[in-house]
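Numbers restart at 1 for each chain; the letters A, B, ... are given by sequence-line order, proteins then strands.
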There are 2 protein chains.
Amino acid sequence: MDSSSARKRGRPPRAFDGQLDTRQALVRAGVAVLTEKGFAATGIDEVLRAVGVPKGSFYHYFASKEGFGAEVIDAYAAYFARKLDRFLRDPVLPPLERIRAFADDAERGMRRHGFRRGCLVGNLGQEMAALPEPFRHRLLAVFEDWQARMARCLEEARTGGGLRPDADCGALAAFFWIGWEGAVLRAKLEQDAAPLRRFTEGFFRSLPLAGPHA
Amino acid sequence: MDSSSARKRGRPPRAFDGQLDTRQALVRAGVAVLTEKGFAATGIDEVLRAVGVPKGSFYHYFASKEGFGAEVIDAYAAYFARKLDRFLRDPVLPPLERIRAFADDAERGMRRHGFRRGCLVGNLGQEMAALPEPFRHRLLAVFEDWQARMARCLEEARTGGGLRPDADCGALAAFFWIGWEGAVLRAKLEQDAAPLRRFTEGFFRSLPLAGPHA
DNA sequence: GGCAATTCTAGACCGATCGTCTATAAAATC
DNA sequence: GATTTTATAGACGATCGGTCTAGAATTGCC
């Protein structure tokens, strides 16, 4: 959605030009802004200005700010799930290396955005007390999903002999995401990637690696 | 400050009654509310209602919402530093046990508040992008302070023979706080203490414990 | 191809919030 | 006890977020 295109009243002509679908553009901008500033601190107007769309359009596509937020969460979850799979199922790397690759990529991502953007799910989680209740379950479900994907990767490491046979991969995956969110938060605050690396290091130290096999 | 006490215009009589100092009461209420809902989502009016104080008083004591926020951070930092010392310097427990005691206490605290309150510093950290810049340095300083206190405790563990002599206590302390904030966030989201325990467990697994001594 | 129905935009509108201001009154000072 | 200082009371305006109604272009139908 190009802000240079002056809008006229009424239904716009079919988009011949390269304009994205308005709804999609709004959600996309919402992901960016909410990842940076959270839900409560973000005004609809800000999203609208970024996309160059008037307020009326917004409430045509979404029932409310809350409804918009829910869709933004879904979009982010979908985006992040794809990204996770790209790393955690990468067949050319051994399982534990995939986790490092994910962390490295996240670091690059944060650096690219000047450490202003964090994790949408973490942001909104922090705001829980001020958020509509339905958000809570949605966010929890997202964490469970990520945890499952991480657990699967760790299980591959276990069956592959990287982790000890008695490793509790579910618990380890939970540990990872719990701490990772903290690391992202801290990296945002310090505007530096060190916390991400520090946490990743600590996580790997905590793994029950298989000893040199007998 | 009791909301049942009807206020009259003008300067109030010296507080014979149990009324707290108004300024102090505002800061105290601010800590409670900001710990729950963060800075942006909280209106001044809400704090005023909680304390039963009119707006005029607020802007007599504080230059702005931002100035108020800064004092709230300081008050929370002081409160938390005292709490930390109470646990991390407890002479009747071995150093590593003190950390567990701290975690247990934090769990009780979150449970007592129905998992609605998190960590003020973590909350505001998450909001960074929408917060006045001076907050950032203040929050960073608080983390550094906590980290130093934790590192000292870990060093006691090292010299006491609980940790290996080559343990990097500063890095371990950093790892702790990075992940701990994540755990608090997650506990708030799940409304359950499990994340706190899971992280604490993982943290201890990551520690380079001294082997059975030769 | 004309007419209703649908789709989407424009922006007015209301309420809430932030920060200020004036009025008022008690205490402190001398 | 007169004056200055401290502190509360609450109205006020500017701004902004969220909702809603009106209106215009397009689509579908026959």
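Note: CG (A/Leu48) to C1' (C/dT9) measures 12 Å, nearest angstrom. As a whole-Å value, the separation of A/His60 NE2 from C/dG11 C1' is 17 Å. Atom CZ of B/Phe68 and atom C1' of C/dT17 are 15 Å apart (whole Å). Atom P of nucleotide D/dG10 and atom CZ of B/Arg49 are separated by 15 Å, given to the nearest angstrom.
For C/dT9, the OP1/OP2 oxygens have a side-chain nitrogen or oxygen of A/Thr22 closer than 4.0 Å.
With sequence neighbours left out, B/Asp45 forms a salt bridge (Lys or Arg N to Asp or Glu O under 4.0 Å) with B/Lys55. Residues passing the salt bridge (Lys or Arg N to Asp or Glu O under 4.0 Å) test with A/Arg116, sequence neighbours excluded: A/Glu36. Every residue two or more places apart in sequence or in another chain was checked for a side-chain hydrogen bond (donor to acceptor under 3.5 Å, both in side chains) with B/Arg158, and none qualifies. The salt bridge (Lys or Arg N to Asp or Glu O under 4.0 Å) test applied to B/Lys37 returns B/Glu46, not counting sequence neighbours.
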What does the list of N/O pairs under 3.5 Å between the protein and nucleotides 19-21 of chain D look like, with a distance for each?
from	atom 1	to	atom 2	distance (Å)
D/dT19	OP2	A/Tyr59	OH	2.5

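The aromatic ring centroids of B/Trp180 and A/Phe199 lie 6.0 Å or more from each other.
Applying the side-chain hydrogen bond (donor to acceptor under 3.5 Å, both in side chains) definition to pairs two or more places apart or across chains, those involving residues 124-142 of chain B are A/Lys188-B/Gln126, B/Asp74-B/Arg138, B/Glu133-B/Arg136.
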